[in-house]
Amino acid sequence: MPLVAAYFRPDSLDEALSLLAGPHRIVLGGGTTINSDRQRSDVEVVDLQALGLDSIESSETELRIGATATLADVAGSDQVPDGLRAIARRESPSTLRTLATIGGLIASAHPDSVLLAALLVHGASVDLAGSEAMPLASVLAQGVPSQAIITAVRLDPTGVLCHAATGRTPADVPIVAAVARAGAGGISLALTGVAATPITVDPDDPVGGLAPPGDFRGSSGYRVELAGVLAARALGGLR
Amino acid sequence: MSNEHSITFELNGAPTTVAIQVHENLRDVLRALGMFSVKFGSSDGETGAAAILFDGELASADVILAAQADGHKVTTVESINTERDLHPVQAAFAATGAIQSGYSAGAMILGTLALLEQNPDPTEADIRDMLSGILDRETAYVKPVEAVKRAAAVMRGEATEPFAPLIVQPMTDGTNSIEYDPTSPAPRASQAVPRLIPSRDVPEMAVVGHPEIKVDAVKLAKGNPAFTDDIELRGMLFAKLLTSPHAHANIVDIDDTAALALPGVHAVLHYKNTPRIKYASGGQSWPNPYPYDQVSFDTKVRHVGDRVAVVAAESVAIAEHAVSLIDVTYEVLPAIFDEHQAMLPGAPVIHDETDTTEIFDRDRNLVHQITAERGDVTKALADSSLVFEQTFRVHQVQQCPIEPHISIAWLDADERLVIRTATQVPFHTRRMVAPLLGLEVKDVRVIKPRIGGGFGAKQEMLLEDIVGHLAIATRRPVRLELTREEEFVSSRTRHPQTITYRTAVAPDGMLIAQDMYVLANTGPYGTHGMTVQTVTGLRGLTSYNAPNKRFHCDVVYTNIPVPGAYRGYGAPQAEFALEAHMEDIAAELGMDAIEFKRLNWAKVGSEMDIAPHLGERAVAEGELDEYPKVMSSGIEECVAQGMREVQWHRRDDPSWVQPADRPHIRRGIGFAFCMHGTAIPFLDMGGCSIKINDDGSFNMLVGATDLGTGADTVLGQIAAEVLGVALDDIKVYSSDTDMTPFDTGAYASSTTYISGTAVMKAAEVVRKRLKERAAMLLDVEIPCTIELRNKRAYAADGRSVSLEEIALDSLHTQEQEQIMGTASYVSQDCPPPFAAQFAEIEVDTETGQVTVTKLVMAVDCGVAINPITASGQVEGGMAQALGYAHCEEYDYDESGRMSNSSFGPYKIYRADEMPEMTVFLAQTMEDSGPFGAKAVAEIPKDGVAPAIRNAILNATGVAINEIPFTPERVWNALHTA
Ligand SMILES: Cc1cc2nc3c(=O)[nH]c(=O)nc-3n(C[C@H](O)[C@H](O)[C@H](O)COP(=O)(O)OP(=O)(O)OC[C@H]3O[C@@H](n4cnc5c(N)ncnc54)[C@H](O)[C@@H]3O)c2cc1C
Ligand code: FES
C-alpha cells in the first residue's frame with residue numbers, strides 16, 4: 001500500500017485546482033489504482049467526488065461523460081450506445097467497475113484498455129480544468145497536463161462499433177484488441193496491446209510501423225500478428 | 001484532512017463515527033468495527049473477498065480509502081444477521097452447497113442482495129457478471145450461481161424443491177464397457193446438480209449418502225468471526241517480512257539499528273539473533289524426509305522472496321516502514337531457474353553450507369534421486385519392435401487460496417505458546433515448530449480455526465516459527481499475514497517437471513514396458529521434493545498395467561520460489577504426460593484411444609506393484625508377499641456416462657469440428673483416464689473421540705482439518721449414521737492440538753477415508769455402550785439386539801428409550817459414567833478412485849486462442865457420503881486444473897523476479913468465463929472405506945490438462961506437449977506443425 005499522507009475533498013473545481021498545486025498532490029478518482037499496490041509512492045490525494053462531475057448527458061451528436069462517472073455508470077446508462085456500454089462492462093469486474101472512473105481510466109492510459117480504444121474510435125476529446133480541452137489521443141500520448149483535472153470526455157456517439165480480441169480466457173484482459181467504428185466521417189480503428197497506450201491506426205494498414213513491447217502473454221511479433229488478424233475481423237464486422 | 005481524522009458514515013443502517021488514519025482503507029476500518037465478514041484477499045481489490053455494498057453497489061473495500069467513505073452508506077453481510085435463522089439468500093447458499101471454505105461467502109451474499117434488489121429475475125449471465133469480481137478457488141462458481149438462482153426464486157415467493165442429486169440409472173453392469181450410442185440423450189438438470197449413479201451394492205442409509213447441509217454453513221453464511229484473523233487480542237503486534245530481492249545471494253551483514261530505533265517497533269529478527277536449527281518445512285509425518293535444508297533466518301537467500309528478516313511493530317504501517325530501514329549487505333551470486341541448468345558443470349551450488357546433510361549430490365544441486373523398477377525394462381525395450389518415446393514439460397503454478405497464509409501467536413496464562421494458524425497440518429506443525437523455538441512439544445498449542453482454502457499450500461510449517469519467535473521475543477501477541485505478492489513468491493507452488501516416457505507395446509496393443517524419467521524442479525528447498533515426485537512416479541506408472549516398469553527421477557535445486565504440496569501432489573504432472581503419451585501411441589497404432597487405454601488400464605484385480613517400492617516407507621524387492629490390488633472400479637460406468645454427456649461422436653463429425661459459420665474455428669473433444677490414490681497406506685492416521693451430552697446429542701472431536709472441503713460435515717454424517725441420530729445432533733470440533741486427537745492432517749485425499757474410519761470406529765464404541773445402557777433400561781438381555789435410530793434405542797419387541805433418557809440415566813442416575821468412545825485408524829490399503837475426464841474446446845486457428853466450452857467428469861469415488869459436497873470438490877478441482885492447463889503461469893525476469901504476482905496478470909478463472917461443467921458420481925462399494933467411501937478431493941486435478949490437450953489434437957491435428965495452452969504457445973504450435 002502506498003502511504004496516502006493527506007486526503008482532501010474539495011467542494012469546487014477552483015478549490016481542487018488550488019489544492020493540486022501543492023507538492024505530491026494527485027487527483028483521486030475512484031482510487032482503484034491509487035489505493036492498490038500498483039501505486040508505489042507516497043502521495044496526498046485530492047478526491048473529486050464532491051464536484052458533481054459524474055453526470056452522463058447526450059444529444060444527437062455528442063455524448064458527454066463526466067470524469068467521475070464510474071465504469072458501472074457508463075455500462076448502465078441508456079444515454080450511452082450499446083457497443084460502448086458492453087465494452088465498459090467488460091473492462092473491469094463487478095467489484096471494481098463500481099469504483100473506477102472514466103477520468104482515472106483516461107489518466108492511467110493503460111495500454112490494454114479496450115474502453116480507451118473504443119473512446120478513441122469515437123473521436124473522443126477530453127475536457128480539462130486548468131488546461132485547454134485536448135483530443136483523447138493527445139492526452140494518452142502526452143499524459144494529463146500537470147495540475148490539470150479531467151472533467152469530462154466528449155464523443156460522437158453515432159456509428160457502428162465492432163471489436164475483436166484475443167486473451168488467455170474469455171474474460172481475460174485482451175493481449176491485443178481491435179475496435180473499429182463506421183461513423184459519418186468514415187471508418188476508424190484502434191488497437192490495444194501494441195504500444196504504450198491504446199492507439200488509433202490506419203484501417204488500410206493497421207500494422208504498419210507497429211513495434212509492440214512484448215511480454216509473457218505475447219511477444220512483439222505475435223502481437224503484430226494478432227493486430228493484423230483482429231483488425232481485419234473488427235473491420236469485417238462493420239460490413 | 002490530514003493524518004488523523006474522523007469520518008461519519010452509515011454502517012448497516014446505523015450512523016457511525018470513527019477515528020481513522022488517513023492512509024487506512026475501508027476494509028481494515030470495517031474489520032476493526034467488528035465486520036469480520038469483510039476479508040483480506042489482496043490489496044488491489046481483485047479477489048473481491050472484501051466486497052461490500054457502497055451506496056448499494058458491490059465494491060471492493062480494499063481499494064476504498066476510509067476517508068472516501070465519509071458521508072456514504074456501507075453495507076456488509078452483518079446487516080442481515082438479525083436473528084439466529086439465516087436470511088433466505090444465506091439459506092440458499094447453504095442449501096446448494098455454495099459455501100466451501102466460506103471465505104468469500106459474505107461478498108457473494110451481498111452481491112446477491114444487491115442484484116436481486118435491482119432485478120428480481122436475473123439471467124444466468126447477470127448472475128455470473130455479479131460474481132465476476134469475487135474470485136473463488138473452491139466452487140468453480142457452479143453452486144454459487146445455483147444459490148443465486150434459488151435465492152431469487154425464494155425472494156419472488158416461489159416454492160423450491162430441496163436441492164438434491166439427480167439419480168441417473170447405470171448404463172453398464174458396473175464392470176464391462178458398452179457400445180457408445182450417439183442417439184442416447186444425456187440426463188438434463190442444472191449443471192450444479194450432481195448426477196448420482198446408484199450401485200446395487202450400496203444400501204439405503206439415513207444420513208450417509210444424503211445431501212446434508214454443511215455443519216459450518218450458518219457461521220460461514222453469516223460471516224461470523226471464524227477464521228484465523230477474526231480475533232482481537234489486547235496488545236497485538238503486527239509483523240512484516242523483509243524478503244530477498246535477489247534469487248541467490250549471501251547475506252554479508254544486516255544492520256537493524258534504524259529499524260529498531262523507529263518508534264513502535266518491538267523486535268527485528270534475522271540470522272544474528274535467532275538460533276540456527278535445521279529443519280524441512282513440509283508438513284509430513286515424523287521423521288520428516290531429509291534434507292533439513294532450512295533455518296528460520298539464514299545467512300543466505302536462495303530465491304526472490306526468501307526470508308531475510310522480520311519486524312514486529314504496533315501497526316502494519318510501522319512494520320512496513322521498519323522493514324525499509326533494515327540495511328542488508330548482500331553478496332549476489334549467480335542463479336539458476338531451469339531444472340536442466342541445475343546439474344550442468346559450473347552451475348552455482350545452491351546448498352554449499354556444510355550443515356545440510358543428506359543431499360544426494362550437493363555439487364550438482366541434485367537433492368534426490370528416486371528409482372524403482374519392476375521386471376526388466378532395459379531388456380523389454382530392447383526386445384520390442386514398437387517403442388514410443390515422448391517428452392513433456394509441466395510448469396509452475398500457485399495454489400492461490402483466497403485467504404493467504406496467516407498466523408497469530410501468543411503466550412497464554414501458563415506461558416505456553418499458542419499458535420492460531422491457517423494450516424492443514426496442526427499436529428505436524430506443533431511437532432516441527434517446537435524445536436525451532438527451543439520449546440518442548442507440550443509447551444506448544446496449535447489451533448486451526450476455519451481456513452479460507454489451502455490446496456496444499458498450507459501443508460507446510462510456513463509462518464508459525466516466525467510468529468513463535470516474535471511472540472517469545474516481545475511477550476506480546478504477534479500476527480503475520482502474507483500479502484498476495486508474498487503468497488506468490490514466499491509461500492509454496494507446484495513443482496515444474498520435464499517428463500520423458502518410453503513405452504514398449506505389443507502389436508495387439510498390450511503394454512510391455514513403461515520407462516518414466518522425471519527431471520523435477522524443487523526450487524531451493526526440499527520440503528515436499530521427494531514425496532511429490534514419488535507420487536509422480538506412482539501415478540505415472542500405476543494407471544496402466546505393464547509387466548515391466550521403471551521410474552527414475554532426479555530432483556534438483558534451483559532458485560525459483562519454493563514448490564511444495566499442491567492438491568494432486570505429483571499426479572497432475574504425471575497424468576498430463578501419461579494421457580498425452582497414451583493418446584499418441586493409440587494414434588500411431590491406428591487404434592481408438594479409449595479402446596487402447598481400456599485394454600491396458602488398471603482394473604479390479606490389477607496389482608499396484610510399483611507403489612510399495614516408492615515413497616517414504618518404500619520396501620525392497622522381495623520384501624512383500626503380495627502387492628496391493630484394485631478392489632473396486634467404476635471406470636466403465638464413468639466412461640459411458642461421460643461419453644454420452646459430452647456427445648462423443650461429434651469429434652468425428654467434420655461439420656461439427658469445422659463449423660461453417662466460423663471458418664477460423666476448430667472444435668474438438670478430448671478424453672483422459674484418471675486414477676488417483678486414497679491416503680498414504682501405513683502412514684496417514686486419524687483419531688476421533690465422541691461423547692454424549694445430557695440431551696442425547698454428541699460432541700465429536702477430530703484432528704482432521706476441514707479446509708472448506710466439507711470434511712467436518714462428512715465426518716459428522718458418518719457418526720450420525722452409526723449412532724442413529726440426525727447430523728445436527730453431532731457437534732463437530734476440529735482441530736486443536738490441546739483438545740482433539742491426533743490426525744496427520746488434510747492431504748493425500750485421506751480425510752474421508754482415514755479420519756472417516758476413525759470416526760466410524762469411535763462411534764461404534766459409543767454405540768456399543770449405548771446399547772448396553774439401553775438394554776439395562778429396557779430390561780433386554782442381549783444388548784446387540786438393540787437398534788439405534790431416530791435418536792432412540794429400540795428393542796426387538798418395539799419398546800424403546802430415547803438417547804436423552806440414556807444420557808440422563810448414565811450421567812446422573814445409576815452407575816454413572818460418561819459414555820464416550822475414542823478410536824484411531826491407519827490404513828493398509830489405498831483404494832484408488834477412478835474417473836473419466838472429458839473436455840470440449842474451440843481453437844481459433846488464426847490467433848491460437850483456446851476456449852474451453854465444457855468439462856465433464858464422471859468419478860468413481862466409492863460411496864459419496866455427501867453427494868453435494870463431493871460434487872463441489874470435483875467442480876472446484878476441475879476449475880483449478882483448468883487454470884493449470886489453460887492460463888496460469890509464473891513469469892520471471894532474468895533476475896528471477898516474478899513479473900505477474902497479482903491476479904489479472906496471474907490469471908485465474910472468474911465466474912463470467914467458466915465453461916459448462918457436469919459432474920457424475922458413479923458409486924461403487926469400496927469395502928475398506930467407511931460406508932464404502934474412497935477419495936474425491938484430488939482426482940479432479942488430474943485429467944483436465946490432458947483432456948484439453950487431446951481435444952486440441954482432435955480439433956487441429958496438432959499435439960502440444962507443454963502447458964499452459966496460452967494463445968501464443970498454441971499459435972506457435974499450429975504454425976510450426
Ligand atoms: C487491464 C487493465 C489493467 C490495468 N492495470 C493498471 C495498472 O497496472 N496501473 C494503472 O495505473 N492503471 C491500470 N489500469 C487502469 C485502472 O485500473 C483503472 O482503469 C483506472 O485507474 C480507474 O480509475 P480510478 O478512478 O479508480 O483511478 P484512480 O486510482 O483514482 O486514479 C488513477 C490515476 O488517474 C489519475 N486521475 C484520476 N482521475 C483523474 C481526473 N479526473 N483528472 C486527472 N487525473 C485523474 C490519478 O491521479 C491517478 O494517477 C488498468 C486497466 C485495465 C483495463
Ligand atoms: S455381542 Fe455382546 S450382547 Fe451381543
Side-chain angles (χ1 to χ4, degrees), chain A residues 1-9 28 30-38 42 44-45 47 49-50 70 72-73 75-76 89-90 92-100 112 164-173 175-176 214-219 221-223 225-226 228-230 232-233, chain B residues 1-3 5 22-23 25 42-46 48 50-51 54 57-60 62-65 67-68 70 107 111 129-134 316-317 320-321 483-485 664 844 846-849 851-852 886-887 889 891 899-900 902 904-905 907 909-910 912-913 964 966-968 971-972:
Chain A
M1 272 295 271
L3 216 50
V4 171
Y7 173 89
F8 304 95
R9 191 188 289 184
L28 178 70
T32 58
T33 298
I34 292 179
N35 300 334
S36 79
D37 269 351
R38 297 186 193 130
D42 294 353
E44 300 187 352
V45 297
D47 185 349
Q49 65 166 280
T70 64
D73 293 337
R89 180 170 292 274
R90 285 183 63 95
S92 276
S94 56
T95 48
L96 294 174
R97 76 167 81 103
T98 47
L99 298 170
D112 296 337
T166 294
R168 293 167 292 185
T169 63
D172 192 16
V173 175
I175 303 166
V176 173
D215 70 1
F216 74 103
R217 296 187 308 141
S219 65
Y222 175 65
R223 284 170 187 266
E225 211 43 69
L226 283 183
V229 170
L230 297 172
R233 282 188 195 170
Chain B
M1 180 202 292
S2 54
N3 243 313
H5 201 79
V22 69
H23 64 264
N25 65 53
S42 69
S43 50
D44 58 10
E46 285 283 350
F54 195 57
E57 290 191 309
L58 197 64
S60 283
D62 314 278
V63 289
I64 304 174
L65 279 181
Q68 276 175 283
D70 191 33
D129 179 62
M130 178 277 287
L131 292 172
S132 67
I134 304 168
V316 172
E320 273 176 355
H321 187 191
T483 64
R484 182 55 54 186
E485 183 178 1
H664 55 280
D844 183 328
E846 291 176 347
T847 65
Q849 178 176 284
T851 304
V852 180
H886 194 205
C887 56
E889 61 185 315
D891 177 60
S899 75
N900 61 333
S902 63
K907 175 64 196 175
Y909 263 82
R910 46 186 241 203
D912 57 345
E913 56 181 340
T966 49
E968 187 170 5
W971 187 85
N972 281 330

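Note on naming: letters A, B, ... go to the chains in the order of the sequence lines (proteins, then strands), and numbering restarts at 1 for each one.
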ask   = Say you draw a straight line from CD of B:Gln849 to CG of A:Leu226; how long is it, rounded to the nearest 0.5 Å?
value = 9.0 Å
ask   = Checking heavy atoms, do the side chain of B:Asn972, its backbone, both or neither come under 4.5 Å from chain A?
value = neither
message = Report which part of B:Ser42 has an atom under 4.5 Å of a heavy atom belonging to chain A: side chain, backbone, both, or neither.
response = neither
ask   = Measuring heavy-atom distances to chain A, does B:Thr851 have an atom under 4.5 Å in its side chain, in its backbone, in both, or in neither?
value = side chain
note = Value for OH (A:Tyr7) from CG (B:Leu65), rounded to nearest 0.5 Å, stands at 7.5 Å
message = For the CG atom of A:Asp42 and the NE2 atom of B:His23, what is their distance to the nearest 0.5 Å?
response = 10.5 Å
Segment of A:Ser219 engaging chain B (4.5 angstrom heavy-atom cut-off) = both
query = If you tally heavy-atom pairs under 4.5 Å against chain A, which of B:Asp844, B:Val316, B:Ile134, B:Leu131 wins?
reply = B:Asp844
message = Taking side chain as everything from C-beta outward and backbone as N, CA, C, O, which of these in A:Ala232 sits under 4.5 Å from a heavy atom of chain B? Side chain, backbone, both or neither.
response = neither
query = In terms of heavy-atom pairs under 4.5 Å, which option from A:Thr70, A:Asp172, A:Val173 contacts chain B the most?
reply = A:Asp172
ask   = Quick one: does A:Ser94's side chain have a donor or acceptor within less than 3.5 Å of a partner on B:Gly133's backbone?
value = yes
query = Do the side chain of A:Arg9 and the main chain of B:Gln68 share a donor and acceptor less than 3.5 angstrom apart?
reply = yes
note = So CG of A:Asn35 and CG of B:Asp44: to nearest 0.5 Å the spacing works out to 11.5 Å
inquiry  = Determine whether A:Ser36 and B:Asp62 satisfy the following criterion, side chain to side chain contact (heavy atoms under 4.5 Å, CB included), listing intermediate values before the conclusion.
reply    = CA-CA 7 Å; A:Ser36 79; B:Asp62 314 278; over 6 Å; no
Note, A:Phe216 side chain near B:Asn900 side chain (heavy atom, < 4.5 Å) = yes
remark   = Separation between CD1 (A:Ile175) and OG1 (B:Thr847), nearest 0.5 Å, reads 8.5 Å
remark   = Heaviest contributor of heavy-atom pairs below 4.5 Å to chain B, chosen from A:Ser92, A:Gly228, A:Pro170, is A:Pro170
remark   = Between A:Pro93 and B:Ser132 the two heavy atoms that sit nearest each other are CB-O, 3.5 Å
request  = Might you point out which heavy atoms bring A:Ala171 and B:Asp912 nearest each other, and give the distance in Å?
outcome  = CB-OD1, 3.8 Å
query = If every non-hydrogen atom of B:Val22 is compared with every non-hydrogen atom of A:Ala6, which pair is closest and at what distance?
reply = CG2-C, 3.9 Å
key: Structural part of A:Val45 lying under 4.5 Å from a heavy atom of chain B   = side chain
task = Please report the C-alpha distance between A:Leu99 and B:Ile64 in whole Å, then the side-chain angles of each, then the deciding distance to 0.1 Å, and finally whether the side chain to side chain contact (heavy atoms under 4.5 Å, CB included) criterion is met.
result = CA-CA 8 Å; A:Leu99 298 170; B:Ile64 304 174; 3.8 Å; yes
request  = Name the region of B:His321, side chain, backbone, both or neither, that has any atom closer than 4.5 Å to a heavy atom of chain A.
outcome  = neither
note = Heaviest contributor of heavy-atom pairs below 4.5 Å to chain B, chosen from A:Arg223, A:Glu44, A:Arg217, A:Gln49, is A:Gln49
task = Against chain B, label A:Val229 side chain, backbone, both or neither, depending on which of its atoms sit under 4.5 Å from a heavy atom there.
result = side chain
note = Nearest heavy-atom contact between A:Gly167 and B:Pro967 is O-CG, 3.4 Å
query = Salt bridge or not for B:Asp129 and A:Arg97, using N-O below 4.0 Å?
reply = yes
query = Shortest non-hydrogen contact from B:Glu968 to A:Gly218?
reply = OE1-CA, 3.2 Å
ask   = So B:Glu46 and A:Leu96, side chain to side chain contact (heavy atoms under 4.5 Å, CB included) or not? Walk me through it.
value = CA-CA 8 Å; B:Glu46 285 283 350; A:Leu96 294 174; 4.0 Å; yes
ask   = Looking only at heavy atoms, what is the nearest atom pair of B:Pro905 and A:Arg168, with distance?
value = O-NH1, 2.8 Å
task = Could you have a look at B:Ala317, B:Pro964, B:Ser60, B:Cys887 and say which one has the most heavy-atom pairs with chain A under 4.5 angstrom?
result = B:Ser60
